[in-house]
Peer 1: 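Structure below; questions to follow.
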Amino acid sequence: GFYSNNHIIKLNKKVVGSIQGGEDFKISLMAQDETNKSSFKWITLVKKSKTLEEAKAFLNYKIDSILDKYKLHFLEEYK
């Protein structure tokens with residue numbers, strides 16, 4: 001069967017990005033596109049983690065500074 005190693009990131013119960021697994025775990029977030037307010041762009045954080053748990057811990061630890069730097073795009077519903 002199909003196996004995806006992507007893990008959805010939610011903030012306040014709304015989707016804001018994903019953690020992609022592989023050799024390293026990378027965190028990608030949706031940031032509002034300043035040139036097109038109705039759109040967003042993907043940003044990938046420099047940090048690469050060895051485990052999903054490490055990536056989650058990093059994100060939880062850094063969320064305030066991330067929110068200070070980027071205006072995140074929130075998806076109301078994700079299927």
Side-chain angles (χ1 to χ4, degrees):
F2 178 76
Y3 177 72
S4 174
N5 209 7
N6 279 355
H7 306 272
I8 299 300
I9 299 170
K10 289 185 179 181
L11 186 62
N12 299 326
K13 299 182 181 178
K14 295 180 182 169
V15 174
V16 294
S18 68
I19 299 173
Q20 301 88 36
E23 193 172 312
D24 293 313
F25 287 80
K26 299 176 187 168
I27 300 168
S28 295
L29 299 169
M30 296 178 291
Q32 287 188 353
D33 187 343
E34 295 303 315
T35 60
N36 182 355
K37 298 291 185 195
S38 64
S39 186
F40 68 90
K41 59 185 176 183
W42 284 100
I43 56 168
T44 302
L45 303 185
V46 173
K47 169 74 172 164
K48 294 178 184 167
S49 303
K50 292 296 178 196
T51 65
L52 177 61
E53 292 72 25
E54 182 185 336
K56 287 180 178 179
F58 174 81
L59 191 56
N60 284 326
Y61 178 70
K62 289 290 192 178
I63 193 63
D64 288 335
S65 59
I66 291 168
L67 291 173
D68 285 344
K69 187 172 184 178
Y70 300 103
K71 186 170 176 69
L72 295 183
H73 178 81
F74 294 87
L75 289 181
E76 295 294 327
E77 202 173 299
Y78 184 83
K79 295 186 183 206

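In what follows, residues are counted from 1 in the order of the sequence shown.
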Peer 1: Please assess Leu52 against Ile19 for the test side-chain contact (heavy atoms from CB on, under 4.5 Å), listing each intermediate value before the final yes or no.
Peer 2: CA-CA 8 Å; Leu52 177 61; Ile19 299 173; 3.9 Å; yes
Peer 1: How many angstroms lie between atom CD1 of Ile43 and atom NZ of Lys69, to the nearest 0.5 angstrom?
Peer 2: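 Between Ile43 CD1 and Lys69 NZ, I get 8.0 Å after rounding to 0.5 Å.
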Peer 1: Could you measure the distance from the CG atom of Leu11 to the CZ atom of Phe74? Nearest 0.5 Å is fine.
Peer 2: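 Rounded to the nearest 0.5 Å, the CG-CZ separation comes to 4.5 Å.
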Peer 1: Start with the C-alpha gap between Phe58 and Ile27, add the side-chain angles, then the distance that decides, and say whether side-chain contact (heavy atoms from CB on, under 4.5 Å) holds.
Peer 2: CA-CA 10 Å; Phe58 174 81; Ile27 300 168; 3.8 Å; yes
Peer 1: Going through the distances and angles, do Leu75 and Val16 end up as a side-chain contact (heavy atoms from CB on, under 4.5 Å)?
Peer 2: CA-CA 7 Å; Leu75 289 181; Val16 294; over 6 Å; no
Peer 1: Hey, are Glu54 and Lys48 close enough for a salt bridge, meaning a charged N less than 4.0 Å from a carboxylate O?
Peer 2: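 Looking at Lys48 together with Glu54, the answer is no, because their closest N to O distance does not fall below 4.0 Å.
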Peer 1: To the nearest 0.5 Å, tell me how far Ser39 OG sits from His73 NE2.
Peer 2: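 With rounding to 0.5 Å, OG (Ser39) is 7.5 Å from NE2 (His73).
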Peer 1: Does Val15 form a side-chain contact (heavy atoms from CB on, under 4.5 Å) with Ile9? I'd like the steps, not just the answer.
Peer 2: CA-CA 6 Å; Val15 174; Ile9 299 170; over 6 Å; no
Peer 1: Is the shortest heavy-atom distance from the side chain of Lys26 to the side chain of Leu45 under 4.5 Å?
Peer 2: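 They are not in contact (no side-chain heavy atoms under 4.5 Å apart), so the answer is no.
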Peer 1: What distance separates Ser18 OG from Asn6 CG, expressed to the nearest 0.5 Å?
Peer 2: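 If I round to the nearest 0.5 Å, the distance is 5.0 Å.
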Peer 1: Does Leu29 belong to the same Ile/Leu/Val/Met/Phe/Trp/Tyr cluster as Trp42, with side-chain heavy atoms less than 4.5 Å apart forming each link?
Peer 2: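 No, Leu29 and Trp42 fall in different hydrophobic clusters.
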Peer 1: Would you call the rings of Phe25 and His7 parallel, tilted or perpendicular if under 30° counts as parallel and over 60° as perpendicular?
Peer 2: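 Judged by the thresholds at 30° and 60°, the geometry between Phe25 and His7 is tilted.
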Peer 1: Does one side chain, of Ser28 or Thr44, offer a donor that lies under 3.5 Å from an acceptor on the other?
Peer 2: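 Checked: Ser28/Thr44 side chains pair up, N/O donor to acceptor below 3.5 Å.
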Peer 1: Measuring from Lys71:NZ to Glu34:CD, what's the distance to the nearest 0.5 Å?
Peer 2: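 It is 8.5 Å, given to the nearest 0.5 Å.
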Peer 1: How many angstroms lie between atom CG of Leu72 and atom NZ of Lys14, to the nearest 0.5 angstrom?
Peer 2: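 NZ of Lys14 is found 12.5 Å from CG of Leu72.
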